[in-house]
Amino acid sequence: MAIETIYKTVRVNDEYSCGDIGISVEEWLSLLNQPKADQYINSLLCFLREPNRLATCTTVAKNNGESASHYIGKINNFAKWVKNTLGRFQILGTDGSETFWLIPMKRGYAKKHGFEWQLRDELVEALRTILMKRLMSAYANSEWLNDSGEIYKWELLANTSGKSVLDIVRATKGQNIIDNERVDGVFKSLLTDKASDLQRCVSHLLDESKPLANRIADYKVGMRGICPSEWSQCANDERTAAALLTCHEPAKYTFYKDEVYQLICQYFGFDAQKPGHKYVHFLEIINLFAEKYGKKVQELMQEQIKDFETKPDNLAIQTLFWYMRNKLRQDSLANRQTTYWMAGFTLDNEDRKENFYEEGNWMGVGTNAINKEIQSVCVGDIIMLKSTYTKGADHKTSAIKISAVGRVISKATKGTKFYEVGVEWISTKEKEFTQFEGAYRQTIHRVTDELFINYAKEQLNMSTASKYQQYINLLKESKNLVLTGAPGTGKTFMAQAIAEDMGAEMKFVQFHPSYDYTDFVEGLRPVDNGNGQMGFERKDGVFKEFCKSAIKNIVDSEKSVENLTKELSWQDKLEQFVEDAMENEKKFQTVNGSEFSIADIKGHTIVVHNEQNEKTTDVTVNADEILDLLTHEVELKIVRDIRNHYGRKFGTQPDSYAFVIVKEIRAMNTKVSVTTVDKVEKKPFILIIDEINRGEASKIFGELFYAIDPGYRGKTNVLVQTQYQNLVPESDVFAKGFYVPENVYILATMNDIDRSVESMDFAMRRRFTWQEVTPADTLDMLDSLSCSTEAKDTMTRLNQVIADTDGLGTAYMIGPSYFLKLKENGGNFDKLWKMNIEPLLKEYLRGFRKASETLERFKTAYYKKEKMTTDTSDLFNEEN
């Protein structure tokens with residue numbers, strides 16, 4: 001076949017091109033659909049997924065795990081094959097010899113590190129078409145919507161059609177279309193206190209007279225303006241704006257999540273935009289695909305959405321991408337080599353963690369060497385936010401705190417000041433490490449230490465624990481949650497997992513008949529006065545002490561890094577003072593000449609010993625107050641200055657000792673250390689009460705029924721006077737009365753069949769949300785068994801018969817915890833029946849007229865011997 005056209009390569013500066021060579025999108029598609037092209041497509045996709053579809057073979061090789069020569073060979077052979085298949089043109093290089101790279105590439109750039117090549121636009125579009133058809137094919141062969149829970153989006157549009165602005169805001173509550181954890185509370189507060197301001201902000205967002213990017217920017221500023229300045233979240237992110245826009249006008253807008261946007265960009269080779277412009281770009285992509293494939297995708301889901309009146313094509317495409325997000329991720333990262341990174345989170349001396357989480361990114365800048373490292377971060381890499389500091393005696397122990405683990409979803413782009421990397425933050429749980437190799441003090445580091453790599457992998461694997469999200473949402477909403485259900489359903493395990501998933505401080509207590517108010521709230525406890533006599537002193541119980549820790553977390557979270565650093569340094573100096581005073585048995589004198597010594601330090605109190613004290617020789621001094629006086633450099637000329645600083649009407653005996661201790665510490669010769677710390681993050685505190693029904697609620701909670709009411713969380717103007725209020729020292733945080741801080745949650749467990757359930761106080765019951773946990777809800781606990789399938793089938797069969805038995809029912813079903821014993825007994829089902837299941841069932845059947853027949857039915861179900869009948873109408877003996 002004769003060559004019809006010859007194209008000559010032109011070089012302008014360092015750019016090489018030959019112009020349009022006449023291959024249309026349709027022709028590229030025809031070529032790519034031929035079996036011969038299969039061997040080349042993956043290499044072409046590697047170029048497609050580089051920023052601006054532009055890269056050297058070395059860069060592609062580094063990012064995808066093959067050698068540069070591999071890609072040179074693949075692209076060169078592909079170009080030759082295209083040229084020979086079409087047989088109608090030839091491209092000559094600048095030296096007159098035949099060249100091939102400008103067939104798939106529209107231009108090349110000569111660089112010091114090699115040639116950068118950019119894919120032709122028509123080939124890019126053809127590759128995206130191939131990818132979309134692959135995605136739709138996989139989608140057509142999957143079970144979607146009902147199993148994935150995506151149907152709620154379609155229901156939401158039906159429920160918000162024609163609704164007012166504020167009704168649309170209310171409708172987003174608890175829906176996964178927004179970041180409910182960060183947004184629900186904001187909307188709830190604004191709907192109560194600033195409804196008109198909220199309506200104005202949202203109405204401006206919905207006003208079509210302005211460009212969308214401008215409206216999103218104005219919405220961000222407007223919401224920030226109507227929210228209190230101390231709020232870190234203001235429901236002004238692009239995801240929230242998208243939800244409001246979509247509910248208002250679904251034909252034009254659709255729901256948005258940054259994770260999906262970044263995956264789409266990576267999969268199809270679009271360049272992700274910066275915050276504020278992401279949603280606009282996302283809509284452009286969605287609408288592009290909706291125009292071409294919207295109707296075809298709707299045909300795939302017709303059975304599930306046929307009853308909905310509103311069926312926008314853009315939502316169909318958005319649903320496709322959301323449901324197939326794992327395939328988007330897997331296919332685009334299939335050949336990528338994972339590198340682990342550690343990166344800081346302080347920019348311009350400001351902690352930016354929350355900004356990173358909210359915007360789905362990481363930002364940084366440094367020396368040329370550091371900037372090159374940032375630019376080498378690839379999609380699919382793992383990034384850990386870190387801070388470094390020293391601790392321990394003389395601060396010789398190096399420590400690293402990992403604050404978050406995330407997966408990189410877009411390469412670094414250069415902004416006006418910082419590089420920005422797109423990140424899907426998977427875990428924001430904090431963990432400290434003190435035993436590790438190397439130093440990680442720079443802005444960003446490659447991680448080679450297996451300690452950190454294994455931790456990151458662990459967090460990534462644990463991300464599947466989102467199965468508890470419904471319980472987390474309930475707990476956050478109600479503040480007090482009881483997990484009820486049959487024995488062995490894993491309620492206690494689940495409670496601990498929920499607390500861990502929330503990144504909470506956790507305290508575990510178990511109620512029992514002897515547990516009382518003095519254990520839980522406060523009471524008088526015996527103490528040895530040191531002279532052979534016993535006395536009594538008021539002691540905080542578990543719950544009150546837990547609430548104090550939660551309040552301290554809130555207070556510390558509001559402190560600047562500077563104050564926290566100073567406080568920690570003074571804390572070290574205080575400890576040195578106490579240690580020296582005790583070891584050397586030093587004596588000190590109060591202003592009035594009374595001699596005392598330091599006897600001990602217990603948590604937040606210093607025990608002072610004074611033989612001349614007539615009432616008691618031991619007095620406790622609040623160590624937190626001493627630290628406060630030191631940190632804030634409060635001037636102390638007389639003891640009364642302490643009382644005045646805290647606004648107390650009367651001075652206290654501990655003030656006399658605190659005055660001297662502060663003076664002594666300030667006079668110490670040792671310098672204040674220069675330890676640095678991170679800003680304290682406000683976190684949830686979860687008290688887990690196991691078997692809450694086994695304790696007598698009124699005896700344990702006393703007057704706290706009022707305090708734990710969700711409506712009074714954090715209200716310091718509504719305080720409860722406890723039974724020992726008159727003994728609470730004035731320096732105590734609860735001196736004027738008790739309250740439960742807003743970051744405290746109560747998560748309890750209870751077995752439905754326990755006879756003590758009915759005796760629970762109604763006042764107690766109505767202050768909790770009750771959520772049943774069935775064996776089916778925790779069936780995946782058995783996934784770790786080698787005989788997992790058989791164990792699940794056996795449990796399901798047995799529970800079906802138990803549930804259908806009169807006098808028992810679902811409350812008596814057997815949970816997976818019993819079947820986990822198969823791991824201990826080597827998978828012996830006979831042993832499990834005889835030692836664990838049968839004795840429990842016999843206990844259940846005590847009082848049944850035909851107990852042996854019923855037990856035989858259970859055994860038949862357990863061993864799957866024959867078809868079971870569930871007619872048990874005459875088995876229960878009411879006289880017993």
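Starting from 1, each residue takes its place in the sequence as its number.
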Do the side chain of [X] and the main chain of [Y] share a donor and acceptor less than 3.5 angstrom apart?
X      : Y      : answer
Arg407 : Trp425 : no
Lys479 : Glu742 : yes
Asp381 : Tyr340 : no
Arg767 : Pro710 : no
Trp322 : Leu320 : no
Ser427 : Val405 : no
Thr749 : Glu691 : yes
Lys699 : Pro513 : yes
Lys491 : Ala486 : yes

[X] side, atom [atom1]; [Y] side, atom [atom2] - distance, nearest 0.5 Å:
X      : Y      : atom1 : atom2 : value
Arg797 : Thr860 : CZ    : OG1   : 11.0 Å
Thr492 : Gln496 : OG1   : CD    : 7.0 Å
Lys429 : Lys683 : NZ    : NZ    : 11.0 Å
Ile305 : Glu155 : CD1   : CD    : 12.5 Å
Lys386 : Met342 : NZ    : CE    : 8.0 Å
Leu475 : Asn480 : CG    : CG    : 8.0 Å

Taking only Lys NZ, Arg NE, NH1 and NH2, and the carboxylate oxygens of Asp or Glu, determine whether [X] and [Y] approach each other closer than 4.0 Å.
X      : Y      : result
Asp184 : Lys173 : no
Arg525 : Asp519 : yes
Glu856 : Lys859 : no
Arg325 : Glu424 : no
Lys401 : Glu432 : no
Lys548 : Asp540 : yes

Decide yes or no for [X] and [Y]: does some side-chain heavy atom of the first lie under 4.5 Å from some side-chain heavy atom of the second?
X      : Y      : value
Tyr357 : Thr428 : yes
Leu820 : Met781 : yes
Gln510 : Ile689 : no
Glu838 : Leu855 : yes
Val521 : Tyr724 : no
Met795 : Leu798 : no
Asp690 : Val509 : no
Asn799 : Thr774 : no

Tyr745/Phe685 aromatic ring centres below 6.0 Å
no

Taking the six-membered ring where the residue is Trp, are the ring centres of Phe701 and Phe520 under 6.0 Å apart?
yes

Do [X] and [Y] meet the criterion of a side-chain donor-acceptor pair at a distance under 3.5 Å?
X      : Y      : value
Asp516 : Thr518 : yes
Asp804 : Gln800 : yes
Asn751 : Arg694 : no
Tyr863 : Asp830 : yes
Glu703 : Tyr517 : yes
Glu505 : Ser549 : no

Just to verify, what does Phe829 make a ring pair (Phe, Tyr, Trp, His ring centres under 6.0 Å) with, not counting sequence neighbours?
none

Before you tell me yes or no, could you show the steps for Leu841 and Ile837 under side chain to side chain contact (heavy atoms under 4.5 Å, CB included), namely the whole-Å CA-CA distance, both residues' side-chain angles and the distance that decides it to 0.1 Å?
CA-CA 6 Å; Leu841 293 174; Ile837 305 295; 3.7 Å; yes

Shortest non-hydrogen separation from [X] to [Y] and the atoms involved:
X      : Y      : answer
Gln771 : Tyr471 : CG-CE2, 3.6 Å
Thr778 : Thr489 : OG1-O, 2.8 Å
Ile686 : Ala499 : CD1-CA, 3.6 Å
Phe738 : Cys547 : CZ-SG, 3.8 Å
Ile453 : Val447 : CD1-O, 3.7 Å
Ala707 : Val740 : O-CG2, 3.5 Å

Given Lys153 and Ile177, is the side chain to side chain contact (heavy atoms under 4.5 Å, CB included) satisfied, shown in steps?
CA-CA 8 Å; Lys153 294 177 180 176; Ile177 57 167; 4.3 Å; yes

For Phe858 and Leu808: C-alpha separation, side-chain torsions, deciding distance, then whether side chain to side chain contact (heavy atoms under 4.5 Å, CB included) applies.
CA-CA 12 Å; Phe858 294 160; Leu808 293 182; 3.8 Å; yes

Above 12 or not: heavy atoms from other molecules or residues under 6.0 Å from CD of Glu545?
no

State whether the number of non-hydrogen atoms from other residues, nucleotides or ligands found under 6.0 Å of Lys507 atom NZ is greater than 12.
no

Could you walk me through whether Tyr739 and Phe734 pass ring-ring contact (aromatic ring centres under 6.0 Å, His included), step by step?
CA-CA 8 Å; Tyr739 71 96; Phe734 296 129; 5.8 Å; yes

Cation-pi check for Phe433 against Lys431: NZ or CZ below 6.0 Å from the six-membered ring centre and within 45 degrees of the axis, yes or no?
yes

Side chain to side chain contact (heavy atoms under 4.5 Å, CB included) between Ile472 and Asp501, intermediate numbers included
CA-CA 9 Å; Ile472 292 173; Asp501 281 4; 3.9 Å; yes

